[in-house]
**Student:** 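Right, I'll just put the structure down here and ask away after.
No hydrogens, no waters, no symmetry mates; every other heavy atom, side chains included, goes into these values.
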Amino acid sequence: MKHPFQKAVVAFSMLLLLSCSKEQATTGPVTTPATGQPTQTLTISLSRNEINADGFDETIIRVKDKDNNDVTANSSIYINNNLTSSNVFYTANVGTYQIKALRNNVESVSTSLNAVLPGPPLFTKKVVTEMYTGTWCGNCPVTIIPLEDYISNRPDIIYVGIHGPSGSNDPYQYVFDTQLRNAFGVGGVPTVVVNRNANWDGKRATLDELTKQRAPLGIAFESSISGGMISAKVRIKFDVSTSIPLKLVVVLVEDNLKYNQVNYGHYNLPNPIVNFNHQNVLRTAGTDIFGDPIPVDQQIKGNIWQKEVTLNANGYNLSNCRLVGYVIYGSNIPDRKGILNAQIATAGQTKNFD
C-alpha cells in the first residue's frame, strides 16, 4: 500500500504531464534545453486568415515567444516551406498557404491562410505610354505615328510626349528630361516607356494585355482655371488595402502643338513634316515628377484620399491643356515598380472615377 505522500507525488506528476501535453498541442513543438533552462515555444498569428488574391490585399504575420514577447524580427518565416524576407504577405495567386516560423531551432505550428478571388474591379485600368522624342529626331515618326493612331480611340491608353534632350533645338524640351531618362534607362529616341516599368516592344497586344489587369485604385480630377494657373483637387479611391509605399504624380500636358518634325523617309512623308501635330506634350508638373508620397495610413480599401495641386500654365493654350495623374509605387521592391493606375482630364473640368 502506497504512502499518502507517494500518492500526492504521482498525482502531481500526472497533472504536470497533462499540462505540458496541452501546451505542446496549442503552441507547437518545444525544445527542452539543459536542466534548469525554461522550455521554449513559438506561436504565430495572422492579422487576417483570408485575403483577396489581387497582389495587394495583405496579412501581417506576428511571432511571439513563450513569454508573449514579439520576436517577429528575429524569426525566420516560411510560406509553403519557402523562406520569406517580410512578415507582410500578399499574392496574386488563389490558394491555401501554410505559414510557420522558426527561431533558435524552435518551430511553430503552421497556420493556414486562404487567398481568394477578388470581386469585380471598380475602376478601369489605364496604361501610360511615355514617348521620349524630339522634333529633331528623324526616326521618331516611325514610332509616333502608329502609336498615336492606335490609341486615338483607346481612352484606356494615355500618351505623354517627353521632348528633349536639354540643349537641343526642340522648342518643347522638358526641363527634367535628363533626370527622367536616367531614371528609366532611356538611352536614345524614339523610346516608349510603358507604365514607368519597361520599354514598349512595339506590339499592340502588349498594351492590350496591360489594360486587362485589375485596377487597385481609381483617380478623379476636379480643376479650375484662374489666369494662367490651374488648381486641381486629385482624389484617389482605394479598392485595396496596402502598406506598400505609393506616390502620386500629377503633370500638365499640352495637345495639338504644330511644329515641323524631321523625318527620315518614313511613311513616304516629306522631310521635315511641316506643322506635324505633337500630342500631349509634357509641360510641367504639380508634384515632384517622381511623385509625392501618399500617407500609408490612407491606403485602405474604400477610402478616398485627396491632394490639392497648382500648375503654372502661363504661355500654354489652356483649351488644349490636360491633367494626367499617375499613382506609382514608392518603394524599391523589385516586383513593385511602375504605375498602378492613371487618369487624364481636360484642364478646368471634372473627371470622376471610372
**Student:** Taking side chain to side chain donor-acceptor pair (under 3.5 Å) as the criterion, tell me which of Arg322, His278, Arg283 meets it with Glu254.
**Tutor:** Arg283
**Student:** For Gly138 and Pro141, which heavy atoms make the closest approach, and how far apart are they?
**Tutor:** O-CD, 3.5 Å
**Student:** What residue pairs, at least two apart or across chains, pass salt bridge (Lys or Arg N to Asp or Glu O under 4.0 Å) with a residue in residues 72-98?
**Tutor:** none
**Student:** Which salt bridge (Lys or Arg N to Asp or Glu O under 4.0 Å) pairs, counting each pair once, include a residue from residues 185-204, with sequence neighbours left out?
**Tutor:** Glu130-Arg196
**Student:** Please determine, by modelled atom types, if His163 and Asp177 share a side-chain donor-acceptor pair under 3.5 angstrom.
**Tutor:** no
**Student:** What are the two closest heavy atoms between Thr211 and Ile157, and how far apart are they?
**Tutor:** CG2-CG1, 4.0 Å
**Student:** Could you report the tightest heavy-atom contact between Tyr159 and Met131, atom names first, then the distance?
**Tutor:** OH-CG, 3.3 Å
**Student:** Are any non-hydrogen side-chain atoms of Leu248 and Tyr326 less than 4.5 angstrom apart?
**Tutor:** no
**Student:** Sub-3.5 Å donor-acceptor pair from the side chain of Thr72 to the main-chain atoms of Val63, do we have one?
**Tutor:** yes
**Student:** If you apply the rule side-chain hydrogen bond (donor to acceptor under 3.5 Å, both in side chains), what do you find for Asn314 with Asn312, and how did you get there?
**Tutor:** CA-CA 6 Å; Asn314 280 297; Asn312 188 343; 2.8 Å; yes
**Student:** Could Asp208 and Arg154 be called an ion pair, given the rule that one side-chain N must be under 4.0 Å from one carboxylate O?
**Tutor:** yes
**Student:** Look at the side chain of Asp65 and the backbone N and O of Asp67, then say whether any donor-acceptor pair between them is shorter than 3.5 Å.
**Tutor:** yes
**Student:** For residues 116-126, dump all side-chain donor-acceptor pairs below 3.5 Å to protein atoms at least two apart in sequence or in another chain.
**Tutor:**
residue, atom, partner, partner atom, Å
Lys125, NZ, Leu340, O, 2.4
Lys126, NZ, Asp354, OD1, 2.6
Lys126, NZ, Asp354, OD2, 3.3

**Student:** Any side-chain heavy atom of Tyr78 within less than 4.5 Å of one from Glu107?
**Tutor:** no
**Student:** To the nearest 0.5 Å, what is the distance between CG (Asn341) and CG (Asp239)?
**Tutor:** 10.5 Å
**Student:** For Asn277 and Glu148, work out which heavy atoms get closest and say how close.
**Tutor:** O-OE1, 4.1 Å
**Student:** Is there a donor-acceptor contact under 3.5 Å from the side chain of Gln299 to the main chain of Thr242?
**Tutor:** yes
**Student:** Give a yes or no answer on whether the side chain of Gln261 reaches the backbone of Phe276 with a donor-acceptor pair at less than 3.5 Å.
**Tutor:** no
**Student:** Looking at Phe89, is Arg48 sitting on its ring face, NZ or CZ under 6.0 Å from the six-membered ring centre and within 45 degrees of the normal?
**Tutor:** no
**Student:** What orientation do Phe290 and Phe184 show, parallel under 30°, tilted 30 to 60°, or perpendicular over 60°?
**Tutor:** tilted
**Student:** So do the side chains of Asn271 and Val262 get within less than 4.5 Å of each other, counting heavy atoms only?
**Tutor:** yes
